[in-house]
Each structure stands twice: as structure tokens, then as C-alpha cells.
Q: 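Handing you a structure now.
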Amino acid sequence: MDRVESLLAQLDPEQRQAVSHGEGPLLVVAGAGSGKTRVLTYRIAYLLAKGLAHSHEILAVTFTNKAARQMVERVETLIGGRPQGGFVGTFHRFALQLLRNHPREAGLPLRFAIADEDDQRRTLERVLKRLAVPTERLTARAARSRISAAKNALLSPRQFAEAARTPDQLLLAEVFAGYQGELTSAGAVDFDDMLLLSVRLFEQEEAIRKGLTDRFRWVLVDEYQDTNEAQARLLKLLTGKHPNLTVVGDEDQSIYRWRGAQVENILRFDQTYPGAKVVTLGRNYRSAEPILRAAAAVIANNTQRRPKKLSSEAGAGVPVTAYQAADEVDEARFVAEEIERLRAEVRPGEMAVLFRINAQSRPFEAELVRRGVPYVVVAGTRFWERAEIKDAVAYLRLLVAPDDTLAFRRAVAVPPRGIGEATMELLEHAAGEWGVALPEAARRLPATLTNRARLSLEKFFGLLEELRAQAGTHPVDEVVSTLLDRSGLAAMYSEASEEDRARRANLDELVTAAAEASERGLDLAGFMDEVALVADADLRATGEAVQLSTLHAAKGLEFDAVFLVGMEDGLLPLRREDANSIEDLEEERRLAYVGMTRARKRLYLTSARIRRLHGKQMPGRLSPFFLEVPRDVVVDRTAAAGRDPFRATLPYPGAPAAGGWGREPRTPSPEPRSSGGRESGPRPPGPGPRSSSSHPDGWRPGLKVRHASFGSGVILQVQGTGAQTKLVVYFDRAGRKTLIPSLAKLERA
DNA sequence: GCTTGCGGTATTTTT
DNA sequence: TACCGCAAGC
């Protein structure tokens with residue numbers, strides 16, 4: 001019992017209450033910074049220590065691989081060993097595993113493929129084309145998200161069609177059916193299908209469901225506010241009649257409504273699970289008081305929530321800083337200057353610039369590069385989304401599943417081998433005629449093919465055979481190497497262009513990823529499942545750099561200093577052309593709330609009076625959310641910056657009449673074109689942070705360098721000395737790279 | 001069947 | 001502003 005006692009002793013009363021809850025459903029409403037992960041991990045440790053659960057009886061579900069990994073690690077340190085036999089992973093991983101174990105019962109081919117977003121888009125484009133749907137009526141993009149929503153709501157194409165009334169819905173029903181038909185004949189499932197089919201499997205195969213219900217006697221779910229209907233249903237089926245289900249979440253941090261997440265799941269948890277115990281964690285250990293007060297005041301305007309209060313346990317702190325910039329360049333300048341100033345006491349890795357949309361990151365990057373401040377942009381073009389990677393992966397998928405039609409379509413087209421639209425149509429026709437999958441039809445080399453196409457296909461399949469033979473006997477990374485080499489995928493990219501070299505470098509990274517997978521004992525099929533399930537965010541090493549991130553990507557993280565930028569009406573809340581419902585506005589407000597509550601000690605709220613975005617100028621009216629922040633917790637630095645006092649920002653119509661910054665009398669003024677920003681004078685593109693100590697080899701942040709492949713760049717960061725020296729360099733063309741100067745051909749520019 | 005140029009369009013993106 | 005997808009030329 002000692003163990004149990006000592007676990008509980010490390011918790012506050014509410015946390016303890018949640019952790020030590022016995023059997024039955026439990027909802028932990030965990031406000032920002034209140035120790036959500038702590039409760040989850042301690043609860044697992046508690047159940048094990050108390051002997052209530054065996055580790056193989058525990059199923060813990062998260063949304064990201066990263067969260068899952070963290071959970072495992074933390075539980076390990078708590079219980080001093082690795083929990084055996086349970087499942088800790090994402091919803092999708094759980095579902096995929098289930099379907100891989102029971103493909104037949106799920107109505108899937110033995111080696112079904114996974115259609116990624118790209119496959120989905122291409123498939124939908126074909127369907128839309130076939131149905132002659134004009135793009136003005138429905139784009140592939142729109143269709144994808146609406147079909148996804150239907151699947152999340154557990155609707156089959158048929159059910160959807162039956163419910164369809166408007167011409168719009170009827171059209172979508174047709175597209176949905178066509179899309180699903182294509183997926184089926186390609187032997188593929190998309191991400192939504194994984195969940196949907198798992199639900200169906202549970203509903204139809206009582207034995208399978210019961211097997212799992214009996215096995216996983218304890219189920220724990222993280223970020224429950226982000227579950228969609230399919231996920232909620234899956235949990236309900238899985239936990240059976242006596243649900244030992246613990247869910248942790250916070251409706252105020254639900255920011256994935258556009259992806260099917262239903263706040264209602266968490267708001268109505270006690271109705272779905274009658275008798276559920278509800279514990280609210282109300283102590284915030286993260287944010288200083290002014291930050292918490294600001295955030296609380298904003299979120300209090302939402303109606304879709306339980307009213308609750310968070311008390312700050314993190315001290316009085318300093319007021320929130322506000323700054324209204326002249327334009328986005330001035331905003332970036334202010335932020336970068338402030339970051340430089342803060343570096344005296346705050347490590348770069350403890351600072352973050354958070355924005356609503358990725359397109360906002362440019363000016364900040366420019367300013368930070370100029371000053372030699374190390375930074376990372378979280379989520380640029382993601383590794384696994386890159387064309388060159390997808391091309392190679394398509395080949396690999398074909399090795400695993402020869403009839404993966406979607407992969408075939410992609411692989412056969414790159415590098416160009418004389419197989420184009422005409423040949424594809426011919427093959428499609430043959431496939432239909434013979435009733436076989438498209439790749440199979442291609443393998444049979446229909447007589448109607450031109451000689452050129454025939455030879456080309458023979459060669460293509462010959463290569464696949466060769467690789468498949470190698471895959472049987474060699475580690476994954478070797479297969480990938482051979483593939484890149486023999487297919488000509490690597491040769492497509494010349495040494496002449498820097499962009500091409502970056503692509504080659506990416507392909508090398510793919511080999512590295514394969515080698516790692518191989519070391520973990522995965523075969524090619526396992527590697528492919530991994531690739532499908534792994535988001536790039538999981539691979540990202542943060543290091544000591546300021547993070548530039550979207551608000552979405554910042555969820556779950558915390559920083560000493562947070563710059564929430566672009567607080568303008570239309571940007572945050574983001575204005576979209578389709579329906580700006582109250583629900584949409586509340587989700588935007590939650591985004592602002594999530595952003596603000598990432599901050600521990602310092603929070604900055606900035607905006608621009610004029611913003612160029614997408615090449616257009618946007619009028620920079622202050623965000624209504626900004627106006628919701630109580631004045632007494634804010635210090636406005638706009639005037640103190642020595643520029644003209646800000647003006648011309650009309651208060652948001654719906655904003656509270658009192659308070660807010662938009663009300664000061666404004667001097668009418670000429671277009672504030674180039675008033676701000678430049679006034680502080682151009683900064684010398686100087687040698688970066690003065691703090692950087694000199695390196696024996698002379699490398700220092702701010703130094704301009706040239707690399708044989710990546711071209712010219714500037715050093716952001718220097719790590720280690722001697723042969724261990726690593727340089728983080730920002731290249732004009734290739735972006736951020738980490739290099740070892742003793743290996744890389746790097747010279748001073 | 002593959003490359004060049006125009007116009008339309010732009011979110012957020014855990015898997 | 002930037003990219004991407006489509007339409008016309010080689």
C-alpha cells in the first residue's frame with residue numbers, strides 16, 4: 001500500500017479524487033494546465049499498484065502517437081517498469097489493428113490498403129469527373145470533408161442517400177457512393193473507414209466485441225472533447241455494460257469541430273454513461289494570474305460549456321502585453337525584438353509565436369532569420385506529404401499489396417514511362433471487363449495496349465518482382481535504397497537545382513526512416529502501416545528554438561512566453577465564406593483560449609492595422625476576443641513603441657461596450673501605409689544574439705554560409721564542439737537543416 | 001504523352 | 001503573393 005499512498009500524496013485533492021476512483025465511468029474535466037496528463041498516468045499507475053488492474057487489461061487511447069508515447073514513458077517512470085500487454089495508442093492505430101486482425105469479418109480484403117488524403121482527393125477528382133460535376137458545384141476538397149463528416153456520423157453512402165433531400169445532398173450522395181465504390185474496388189479504406197468499420201465490426205460480430213470487452217477491463221481516453229461520433233460509439237461498444245471508462249478532457253479546448261469532433265460527447269458524458277462520476281480539476285499550475293484571468297474572461301463568452309473557474313497556482317506574474325502594429329511587418333519586428341530581449345532570461349525553446357494560419361509565419365521567419373534567432377516552424381510541408389516521398393511510398397505499398405490500385409496509379413506515372421491517360425483508360429476498361437483490380441489488369445497486359453505501353457508495363461512489373469524478392473530476404477531500408485536506385489525515382493532529381501537536391505535529401509531521409517523501422521523489427525508491411533499512421537509531428541525534434549506554430553499545432557504544449565499574433569477580426573476569428581455560425585465563432589474563441597493558456601509567464605497579444613495576406617490587404621480590425629480581455633490585466637505597448645498612437649480600429653460590433661481598446665478617439669489620418677515598422681530604423685542584419693559564445697571553429701549564429709547542395713544560408717544555432725559540432729542552418733532555398741560541418745561541405749559565404 | 005503558361009484560389013489538419 | 005490544376009503546344 002505504500003506505493004499507492006505515495007502516488008496519491010503527490011496529487012492535489014481533486015486529482016487524487018480522480019486518480020483513486022474505483023470502478024464505473026469517470027469524467028475528468030481538466031481545465032488548461034490543471035494536470036490532465038498527470039491524472040491519466042497516475043490513474044494507470046494507481047490501478048496497477050492497487051492491484052485493481054493488470055497491465056494487459058488496460059486500454060489507453062489518445063489522438064496522437066506523441067501523446068501515446070508520452071503516456072507510456074510517464075507510466076513507466078511511475079511504476080518502474082514497462083507495462084506489458086495492454087494497449088496504449090491512437091484511436092486509428094487501435095482500429096487498424098482490429099481490422100488487420102479481422103479483415104474478413106470487416107468485409108475487407110486480406111491486405112487492404114490505406115488511402116491517405118492524397119489518394120482520397122485523386123479518387124474524388126476521378127469520381128467528380130466521371131459524374132461530370134462542374135467544379136463550381138462541388139470541389140473534391142469540399143466533397144472530401146463532407147463525406148468525412150458523413151462517415152464520422154456513421155452514415156453509409158446508402159443511408160446518406162436515403163436522407164438526402166436537397167439537390168446538393170443528392171449530388172453528394174451520388175459522389176459518396178461513387179467514391180466508396182472506387183475505394184472498395186481498390187481494396188482500400190480511408191482514415192474515417194477505419195473507425196467506421198471498427199464500429200460496424202463490433203456491432204455485427206458480438207464474439208469479437210466481447211473478446212475485447214472482456215480483455216480490456218479498463219479503458220482510458222485522453223482529449224475526450226475531440227472525439228467524433230464514431231469514436232464515441234466505438235468506446236461505448238467497447239466498454240460494454242460495466243464501463244470502467246475514464247475520459248479526460250476540456251470542452252474549452254475542443255478545436256477540431258471542423259473535423260467532426262463533437263463537444264457534446266464530453267458535455268453529455270453523464271447522460272451517455274449514467275451514474276458517471278465527474279471530477280473537475282480547477283487548479284491551474286501553468287499560467288501566471290493575469291494570463292489566466294485574460295484567458296478566462298475570453299472563454300467565459302462561450303455558451304457551449306460548463307461554467308467553471310480556474311484558480312491560478314502559478315503566481316502573480318506580469319501583465320499581458322498588447323501591441324497593435326502598423327502592419328504585419330511591424331508586428332513581426334515587434335515580436336522578434338521582444339524575443340531578442342527576452343533571450344536574456346528565457347531560452348528560445350521556451351518561447352512560441354502562435355498564429356491562426358500558416359501563411360502568417362513568413363514575416364516572423366524573416367525577422368528571426370535576420371536576427372539570427374533560432375526557430376522552428378512547426379508543420380510546414382510535412383515530410384510524408386511530399387510528392388517525392390509519396391511516389392516512393394506508392395511503390396512500397398505495391399510491394400506489400402500488389403492490387404493496391406491507388407498506389408498503382410501513382411507509381412506507374414513516376415518517373416514518366418509513357419503511360420498516360422490513354423493507357424490508363426484502356427486498363428480501366430480491361431479491368432472492368434475482366435472484373436479484376438486495375439493492377440491485375442495491367443499485369444495481364446491487355447492485347448489492346450500499344451507496344452510501347454506493353455514494354456513499359458512489363459519493365460515496371462519486372463522491377464516490382466525484383467524488389468518483392470528482395471523484400472523477402474532483406475531489411476526494409478535496403479529495399480527502399482534499391483527501389484530509389486532502380487526505379488529512377490532518385491535520378492529524376494538533378495544535382496543542378498537546389499530544390500531537387502532537397503528532394504533527394506528527403507528520399508535519403510526515407511531510407512533512414514526505413515532503417516529505423518527495420519531496427520524495431522518491422523517488415524515492409526509493418527513499415528507501411530506505420531507510415532500511414534504516423535504524422536510528421538511525431539518526428540519533429542524541437543531543440544532550442546523559438547517555435548512558430550499554428551494554434552492547432554500548439555495544443556498540449558506550454559511555453560514561458562507566448563506571442564499570440566494576428567488578433568484581428570477575420571483572422572482570429574477566421575472569417576470563412578461559408579456560414580459563420582455561432583458554433584464556428586465559439587470554436588474560434590476556444591482557439592484563442594488554447595493559445596493564451598499555452599503561456600506560463602508572459603503573454604503577448606498583437607495585431608496589425610493593415611495586413612497583406614494572399615496578396616490582398618485586409619483591414620485590421622481588432623479581434624473581438626482581444627476586446628474581451630479585461631483592461632486591467634493588460635499593458636498596451638503600442639504608444640510606448642514611439643510610433644503614432646494606434647487608431648482607426650473600430651470596435652467589433654458585438655464587443656462589450658465598455659473596456660477594450662477600440663474606443664479611443666481616433667485622429668483621422670491618411671492611409672497608414674508605411675508609418676510604422678520602419679520608424680525604428682532598419683536593423684543591421686547583425687551577428688545575431690550577442691549572447692552566443694564564440695565557437696572554437698568560428699561557427700556562430702548569424703554567420704552566412706554556403707552548402708554544396710542547399711546553397712546559401714545563415715547559421716541559426718551551434719551545438720557541441722569539435723567533431724560533434726552540429727549546426728542548424730537556415731537555407732534560403734532548402735529551409736532549416738541540421739548539419740555536421742565536419743561532414744557537410746560547408747563554407748563561409 | 002509530356003512540358004509551358006494562365007487563371008483561379010487560398011483555413012485549421014491529432015490519423 | 002504563391003501554388004496548383006488545367007489547357008494548349010511539341
Side-chain angles (χ1 to χ4, degrees), chain A residues 61-68 89-96 114-117 120-122 125 129 135-136 139-142 144-145 148 152 189-195 222-223 225-228 230-231 253-261 328 354-360 362-363 378-382 384-385 387 413-425 450 452-453 456 529-538 549-557 566 570-578 580 584 587-588 590-592 594-595 611-618:
Chain A
V61 201
T62 61
F63 278 84
T64 65
N65 293 301
K66 191 170 145 199
T90 63
F91 274 104
H92 291 269
R93 190 174 291 268
F94 176 78
L96 180 61
I114 298 165
D116 60 31
E117 251 180 74
Q120 289 182 289
R121 205 202 68 239
R122 288 153 171 259
E125 273 162 9
K129 200 166 176 184
T135 34
E136 309 86 70
T139 61
R141 216 181 119 82
R144 199 193 65 81
S145 92
S148 174
N152 288 161
V189 300
D190 63 24
F191 281 113
D192 301 315
D193 286 333
M194 287 189 208
L195 299 174
D222 193 13
E223 308 274 20
Q225 77 280 354
D226 287 332
T227 50
N228 61 32
Q231 287 158 332
Q253 295 182 66
S254 169
I255 54 176
Y256 287 99
R257 199 181 90 90
W258 50 277
R259 259 194 128 162
E328 76 281 353
L354 307 182
F355 35 76
R356 178 65 241 262
I357 59 174
N358 279 124
Q360 284 172 261
R362 295 294 157 132
V378 177
T381 311
R382 293 185 291 279
W384 298 104
E385 309 277 312
V414 267
R417 48 166 64 80
I419 301 201
E421 209 181 326
T423 307
M424 286 311 275
E425 264 173 36
T450 61
R452 184 170 125 164
S456 194
D529 276 353
E530 187 101 320
V531 166
L533 291 177
V534 160
D536 197 42
D538 300 320
S549 164
T550 62
L551 288 163
H552 284 90
K555 198 175 82 161
L557 305 176
L571 236 201
L572 183 64
L574 186 66
R575 199 192 325 280
R576 323 184 214 84
E577 69 266 8
D578 53 330
N580 254 318
D584 290 323
E587 174 131 328
E588 295 289 322
R590 288 192 292 264
L591 268 170
V594 165
R611 179 177 299 274
R612 278 166 287 270
L613 203 60
H614 309 318
K616 274 199 308 249
Q617 294 212 342
M618 281 173 54

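Labels below follow one simple rule: chain letters A, B, ... track the order of the sequence lines, proteins then strands, and each chain is numbered from 1.
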Q: Rounding to a whole Å, what distance do you find between Lys129(A):NZ and dG5(C):C1'?
A: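 It is 11 Å, rounded to the nearest whole Å.
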Q: For atom CZ of Arg417(A), is the number of surrounding heavy atoms from other residues, nucleotides or ligands below 6.0 Å larger than 12?
A: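 Yes - once you tally the heavy atoms of other residues, nucleotides and ligands closer than 6.0 Å, there are more than 12.
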Q: To the nearest Å, how far apart are Gln360(A) CD and dA10(B) P?
A: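 Those two atoms, CD and P, are 18 Å apart.
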Q: Got a second to check how far Leu551(A)'s CG is from Phe355(A)'s CZ, nearest 0.5 Å?
A: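 Answer for the CG-CZ pair, Leu551(A) versus Phe355(A), is 8.5 Å.
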Q: Check this one for me: any side-chain N or O of Arg141(A) less than 4.0 Å away from OP1 or OP2 of dA10(B)?
A: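 Arg141(A) to dA10(B) OP1/OP2: no side-chain N or O under 4.0 Å.
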Q: What interatomic distance, in whole Å, is found between C1' of dG5(C) and the corresponding atom of dT12(B)?
A: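 It works out to 23 Å between them.
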Q: Measure from CZ on Arg611(A) to C1' on dA10(B) and round the result to the nearest Å.
A: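 Between C1' of dA10(B) and CZ of Arg611(A): 16 Å.
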Q: Just how far, in rounded Å, is P of dT14(B) from CZ of Arg259(A)?
A: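 Nearest whole value for this atom pair: 7 Å.
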Q: Regarding Asp116(A), tell me which of base, sugar-phosphate or nothing describes its non-hydrogen contacts under 4.0 Å with the strands shown.
A: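 Here Asp116(A) touches no strand at all.
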Q: Return the 5'-most residue of the pair Gly418(A), His92(A) with respect to DNA chain B, ranking by each residue's nearest nucleotide.
A: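 Comparing both residues, the 5'-ward one is Gly418(A).
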Q: If you look at every strand shown and take non-hydrogen atoms under 4.0 Å, does Thr62(A) touch a base, only sugar-phosphate, or nothing?
A: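 Thr62(A): no heavy atom of the nucleic acid under 4.0 Å.
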Q: Please determine whether salt bridge (Lys or Arg N to Asp or Glu O under 4.0 Å) holds for the pair Glu117(A) and Arg141(A), giving the CA-CA distance in whole Å, both sets of side-chain angles, and the decisive distance to 0.1 Å.
A: CA-CA 10 Å; Glu117(A) 251 180 74; Arg141(A) 216 181 119 82; over 6 Å; no
Q: Show the numbers, then the answer: is there a side-chain contact (heavy atoms from CB on, under 4.5 Å) between Glu588(A) and Leu574(A)?
A: CA-CA 7 Å; Glu588(A) 295 289 322; Leu574(A) 186 66; 3.8 Å; yes
Q: With a non-hydrogen cut-off below 4.0 angstrom, is Arg452(A) in contact with a base, only sugar-phosphate, or nothing?
A: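 Here Arg452(A) touches the backbone only, sparing every base.
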Q: With a 4.0 Å cut-off on heavy atoms, is Tyr256(A) in touch with a base, just the backbone sugar-phosphate, or nothing at all?
A: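 Since a base atom lies under 4.0 Å of Tyr256(A), the category is base.
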Q: The test is side-chain contact (heavy atoms from CB on, under 4.5 Å); show your working for Ile114(A) and His92(A) and say whether it passes.
A: CA-CA 11 Å; Ile114(A) 298 165; His92(A) 291 269; over 6 Å; no
Q: Check the phosphate of dT12(B) against Asn358(A), side-chain N and O only, distance under 4.0 Å to OP1 or OP2. Yes or no?
A: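 So the side chain of Asn358(A) is within the cut-off, an N or O lying under 4.0 Å from OP1 or OP2 of dT12(B).
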Q: Just compare dT14(B), dG5(C), dC2(B) and give me whichever is closest to any side-chain atom of Thr64(A).
A: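 Nucleotide nearest to Thr64(A)'s side chain: dT14(B).
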Q: Send over the distance from Glu223(A) CD to dT14(B) P, rounded to a whole Å.
A: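 It works out to 13 Å between those atoms.
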Q: Look at Thr550(A) and dT13(B) and indicate whether a side-chain polar atom (N or O) is within less than 4.0 Å of OP1 or OP2.
A: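 Affirmative; the distance criterion is met.
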Q: Return the value, rounded to whole Å, for the distance between atom CD1 of Ile357(A) and atom C1' of dA2(C).
A: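 Checked: the CD1 to C1' distance equals 13 Å.
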Q: Students often get this wrong, so: under 4.0 angstrom with heavy atoms, is Ala422(A) touching a base, only sugar-phosphate, or nothing?
A: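 Answer is sugar-phosphate: Ala422(A) comes under 4.0 Å of backbone atoms only.
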Q: Would you mind classifying the nucleic acid contact of Arg257(A) as base, sugar-phosphate or nothing, using non-hydrogen atoms under 4.0 angstrom?
A: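 No contact.
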Q: For Phe63(A) and for His552(A), find the nucleotide of DNA chain B with the closest heavy atom, then tell me which residue's nucleotide is more 5'.
A: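 With Phe63(A) and His552(A) compared, the 5'-side residue is His552(A).
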Q: Can you tell whether the side chains of Asp584(A) and Arg257(A) come within less than 4.0 Å, N to carboxylate O?
A: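 Looking at Arg257(A) together with Asp584(A), the answer is yes, because their closest N to O distance falls below 4.0 Å.
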Q: Between Glu117(A) (CD) and dT12(B) (C1'), how many Å, whole number?
A: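 Going from Glu117(A) (CD) to dT12(B) (C1'), I get 12 Å.
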Q: Ring of Trp258(A) versus six-membered ring of dT12(B): centres under 5.5 Å and planes under 30°?
A: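 Yes, Trp258(A) stacks on the base of dT12(B).
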Q: Starting at atom CZ of Arg362(A), determine the distance to atom P of dA10(B), rounded to an integer number of angstrom.
A: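 So the two atoms are 18 Å apart, to the nearest Å.
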